[in-house]
Amino acid sequence: MVARALRRWGYRVFYVQNVTNLDDKLIARAAQEGIDPLALAERHYLGYALAMERLGVRSVNYYPFATDFVPEIVDQIGRLVAAERAYAAPDGSVYFSVAKFPDYGRLSGQRVEALRPGARVEVEKGKRAPEDFAIWKGATPGEPSWPSPWGPGRPGWHVEDTAMTLRLLGDQYDLHGGGLDLIFPHHEAEIALAESTTGHAPLVGYWMHAGMLELAGEKMSKSIGNIVALDPAIASVGPGALRLYYLNAHYRSPIAFDPAKSLPEAREAYARLAQPLERIEAIVERDGSDRPGADLPADLVREAGELPEKLDAALSDDFNTREAIALLFGWARRLAEVSGSLEGLAGAGLLELRAPYDWAREVLGLFERGRNPPEEGWARIVPVAIAARARARARGDFAEADRIRTELAAAGIELEDEGTGTRWRAPETR
RNA sequence: GCCGAGGUGGCAGAAUGGUUAAUGCGACGGACUGCAGAUCCGUUUCCUGGGGGUUCGAUUCCCUCCCUCGGCUCCA
């Protein structure tokens, strides 16, 4: 959403999302399954990329893999060691010397003296100070490793990202995102590593830290392993409803996920929002956008014209997506009031009424045209069934009419009777 | 213990130093319907964690306490 908005506002955006494709857990799991850790990482990445595609997250320009940047990482570590900002330990690991970077802790508000060593992770031997962190991990037999001046090993987590961004984005860049849980130590470490390497500060102009998705009071996280709900969630309510759910709160706020209620609620809200758009598009698709008809009432012209401006204003207030969504609901309600007269309007007017929805499509990624359209088979079969049901109803055979509706429902097809006829909808079309 | 993010109606979740604190879900009532659903209209007065303070006025600013979540340096 941020990348979409910035691009709309004329910024040139190059969006990099780093992929850590080798870590302790991956190595352990791969050993368990008897496969190559990098292949396992590739499999995870593909699953992630597929889910993002289905969610309509297509703004990322490049997903660099950490292990493709080992030369850059080794080079950066070399510069840090040469500048005595880092040191090699006897076991072949290299540590960054936190004491040599006075700004350490500035981003997170932490004071180095106040940290509690070993709170969660065992303190390693070979460090000169407990707050130092590994940027090169000496090789363990049987695990992937690369040669380096300090012996074979693999990159530490923090340095991967800075080596990639120094190469891809330069010494300084504008925006860095991430979850609130990454501020310390990871983002703190990125700042220390990059600024110590290049001498240029600040590394990042703006940090955007997103609130956690809390599942039953606990953050949802790949580390805990309770993230499995993403694919089923997309499948159950569709990508649009899921995006609406995420965008329904300010990015910095934690959002409470209730497995029983959150997704159905998002689905209902999304359906309400999409309803007027579906009506408009049904007419335009049927008659074309140049269909003749009545002009739009002046007040509607004005409102439709002003809304995108208001939506941009809402979003430019620290990306207040909820405010924008509230405006969209207001527009949906406004259109509902005039739904009876839509049929008489000219195509040009209908397109004007659609403008706020076009904004939402571009910036929020909602209302994307069916990437998973109903199978052609359905499009042939369902109208036939509907006609049969209409005949059954006309002759008063409601048992047969209900049987047809039930049968279609079992296949996931929903029927809705309206004054003019019966509409049908396949699940997951949007 | 320290650092950070939060605490708003039944639920989710915005906003603001000032007349009725958005929006959505849910609930309730009505219209429509053979029924159901969807849709449309309306209602939902008692909601800003506790306690102090500043102010004519605080949900908003200050202090303090409580609660939830995250982090505390090789989990990423």
Side-chain angles (χ1 to χ4, degrees), chain A residues 20 22-26 28 66 93 95-96 98 104-105 107-124 126-127 129-138 154-160 179-186 188-189 192 209-215 217-219 221-224 244-245 248-250 252-258 260-262 264-273 275-276 279 314 317 320-330 332-333 336-337 339-340 393 396-398 401-402 405 409 414-419 422-423 425:
Chain A
T20 298
L22 188 62
D23 61 47
D24 292 342
K25 243 174 298 191
L26 213 45
S93 294
Y95 293 94
F96 179 77
V98 166
Y104 195 79
L107 180 70
S108 60
Q110 298 272 17
R111 288 175 303 128
V112 172
E113 320 80 78
L115 296 173
R116 180 187 282 180
R120 263 178 79 179
V121 180
E122 195 185 339
V123 178
E124 295 286 316
K127 285 187 187 184
E131 68 271 17
D132 292 349
F133 54 83
I135 52 182
W136 186 258
K137 304 171 76 157
R154 60 189 168 94
W157 174 37
H158 307 310
V159 75
E160 295 172 355
L180 277 163
D181 56 343
L182 293 179
I183 294 179
F184 192 91
H186 187 229
E188 203 75 71
H209 286 111
M212 300 289 103
L213 186 60
E214 292 176 6
L215 175 63
E218 184 181 60
K219 79 161 177 174
S221 125
K222 60 183 173 188
S223 304
I224 297 169
L244 181 69
Y245 174 72
N248 201 223
H250 186 85
R252 205 183 297 106
S253 308
I255 44 180
F257 183 81
D258 182 333
K261 294 169 67 175
S262 296
E265 177 181 328
R267 184 186 56 215
E268 291 308 313
Y270 187 66
R272 159 148 284 108
L273 210 48
Q275 178 74 26
R279 287 188 172 145
D317 180 13
N320 193 337
T321 49
R322 191 55 185 84
E323 200 63 41
I325 288 168
L327 288 170
L328 290 171
F329 273 112
R333 195 175 186 80
E337 290 171 13
S339 62
R393 293 171 73 206
D397 185 355
F398 298 118
D402 288 346
R405 184 170 58 188
E414 294 173 28
L415 298 189
E416 289 166 13
D417 292 332
E418 291 184 327
T422 298
R423 290 198 310 151
R425 178 162 53 187

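Quick note: numbers below take in every heavy atom, side chains included, and nothing from hydrogens, waters or symmetry partners.
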query: Given atom CG of Asp258(A) and atom P of rG26(B), what is their separation to the nearest angstrom?
result: 14 Å

task: Can you measure from CZ (Arg272(A)) to CZ (Arg267(A)) and round to the nearest 0.5 angstrom?
output: 13.5 Å

- request: Go through the structure and list residues passing side chain to side chain donor-acceptor pair (under 3.5 Å) with Asp132(A), not counting sequence neighbours.
  value: Tyr87(A)

- request: Using the C1' atoms only, state how far rG9(B) lies from rC25(B), rounded to an integer number of Å.
  value: 13 Å

task: Take atom C1' in rG49(B) and the same atom in rC66(B), then report the distance between them in whole Å.
output: 8 Å

- prompt: Within less than 4.0 Å of OP1 or OP2 of rA76(B), is there a side-chain N or O belonging to Lys137(A)?
  reply: yes

- request: Between rG6(B) and rA14(B), how far apart are the C1' atoms? Round to whole Å, please.
  value: 15 Å

statement: Result for 5'-nearest mapping on RNA chain B, choosing between Lys261(A) and Ala401(A), is Lys261(A)

task: Flag as yes if Phe329(A) stacks onto the base of rG24(B) (centroids under 5.5 Å, planes under 30°), otherwise no.
output: no

- request: Indicate, with a heavy-atom threshold strictly under 4.0 Å, whether Gly156(A) touches base, sugar-phosphate, or nothing.
  value: nothing

task: Find the distance Lys25(A):NZ to rA76(B):P and express it as a whole number of Å.
output: 7 Å

query: If we take the C1' atom in both rU20(B) and rC47(B), what is their distance in whole Å?
result: 14 Å

- request: Could you work out the separation of rG7(B) and rC61(B) based on their P atoms and round it to a whole Å?
  value: 11 Å

- request: For nucleotides rU54(B) and rU60(B), find the distance between their P atoms and express it as a whole number of Å.
  value: 15 Å

task: Go through the structure and list residues passing side-chain contact (heavy atoms from CB on, under 4.5 Å) with Arg393(A), not counting sequence neighbours.
output: Arg389(A), Phe398(A), Ala401(A), Asp417(A), Thr422(A)

message: My understanding is that only residues two or more places apart in sequence, or in another chain, count here; which of them pass side chain to side chain donor-acceptor pair (under 3.5 Å) with Glu337(A)?
response: Arg334(A)

message: Within the structure provided, determine whether Tyr245(A) and Phe257(A) are in side-chain contact (heavy-atom separation under 4.5 Å).
response: yes

message: Distance check needed: rG71(B) C1' versus Glu214(A) CD, whole Å only.
response: 14 Å

field: Electrostatic pair Asp24(A):Lys137(A) at N-O distance under 4.0 angstrom
entry: yes

task: Quick one: list whatever passes side-chain contact (heavy atoms from CB on, under 4.5 Å) with Glu265(A), sequence neighbours left out.
output: none

task: Have a look at Leu244(A) and tell me which of Ile325(A), Leu328(A), Thr321(A) forms a side-chain contact (heavy atoms from CB on, under 4.5 Å) with it.
output: Ile325(A)

message: Under the rule for side-chain contact (heavy atoms from CB on, under 4.5 Å), what residues qualify as partners of Arg252(A), not counting sequence neighbours?
response: His250(A), Asp318(A)

field: side-chain contact (heavy atoms from CB on, under 4.5 Å) involving Ser108(A) - partner list, sequence neighbours excluded
entry: Gln110(A), Ile183(A), Phe184(A), Glu188(A)

query: For the side chain of Asp23(A) and the backbone of Leu26(A), is there at least one donor-acceptor N/O pair under 3.5 Å apart?
result: yes

- request: Please state how far atom CD1 in Ile183(A) lies from atom P in rC2(B), giving the value in whole angstrom units.
  value: 19 Å

field: Within-4.5 Å side-chain heavy-atom neighbours: Arg423(A) and Leu415(A)
entry: no

message: The criterion is side chain to side chain donor-acceptor pair (under 3.5 Å); which residues satisfy it with Arg279(A), sequence neighbours excluded?
response: none

Measure all distances between protein nitrogen or oxygen atoms and nitrogen or oxygen atoms of nucleotides 12-16 of chain B, and list the pairs falling under 3.5 Å.
unit_1: rG13(B); atom_1: OP1; unit_2: Ala256(A); atom_2: N; d: 3.1
unit_1: rA14(B); atom_1: OP1; unit_2: His250(A); atom_2: N; d: 2.6
unit_1: rA14(B); atom_1: OP1; unit_2: Ser253(A); atom_2: OG; d: 2.9
unit_1: rA14(B); atom_1: O3'; unit_2: Asn320(A); atom_2: ND2; d: 3.3
unit_1: rA14(B); atom_1: O2'; unit_2: Glu323(A); atom_2: OE1; d: 2.6
unit_1: rA15(B); atom_1: OP1; unit_2: Asn320(A); atom_2: ND2; d: 3.1

Measure all distances between protein nitrogen or oxygen atoms and nitrogen or oxygen atoms of nucleotides 35-40 of chain B, and list the pairs falling under 3.5 Å.
unit_1: rA36(B); atom_1: N1; unit_2: Arg405(A); atom_2: NH1; d: 3.2
unit_1: rA36(B); atom_1: N3; unit_2: Arg405(A); atom_2: NH1; d: 2.9
unit_1: rG37(B); atom_1: N1; unit_2: Asp417(A); atom_2: O; d: 3.4
unit_1: rG37(B); atom_1: N2; unit_2: Asp417(A); atom_2: N; d: 2.6
unit_1: rG37(B); atom_1: N2; unit_2: Asp417(A); atom_2: O; d: 2.9
unit_1: rA38(B); atom_1: O2'; unit_2: Glu416(A); atom_2: OE1; d: 3.1
unit_1: rU39(B); atom_1: O2'; unit_2: Arg279(A); atom_2: NH2; d: 2.9
unit_1: rC40(B); atom_1: OP2; unit_2: Arg272(A); atom_2: NH2; d: 3.2

- request: Could you give the distance separating rU64(B) and rC69(B) at their P atoms, to the nearest angstrom?
  value: 23 Å

- prompt: Please give, in whole Å, the distance from rG71(B) P to Leu182(A) CG?
  reply: 9 Å

- request: Please measure how far the C1' atom in rA58(B) lies from the corresponding atom in rC72(B), and state the result in whole Å.
  value: 35 Å

message: Between C1' on rC3(B) and CD on Glu113(A), what's the gap in Å once rounded to a whole number?
response: 12 Å

statement: Applying side chain to side chain donor-acceptor pair (under 3.5 Å) to Ser253(A) and not counting sequence neighbours gives none

task: Whole angstrom is fine here: how far is it from NE2 in His209(A) over to C1' in rA5(B)?
output: 11 Å

- line: Per the 3.5 Å Watson-Crick/G-U criterion and a run length of at least three, the stems involving RNA chain B are B:1-7 with B:66-72, B:10-12 with B:23-25, B:26-31 with B:39-44, B:49-53 with B:61-65

- prompt: When the distance from CG of Leu244(A) to P of rU23(B) is rounded to whole Å, what number comes out?
  reply: 16 Å

Protein N or O to nucleotides 64-66 of chain B N or O, pairs below 3.5 Å:
none

- prompt: Just how far is it from atom CZ of Phe133(A) to atom OH of Tyr104(A), taken to the nearest 0.5 Å?
  reply: 5.0 Å

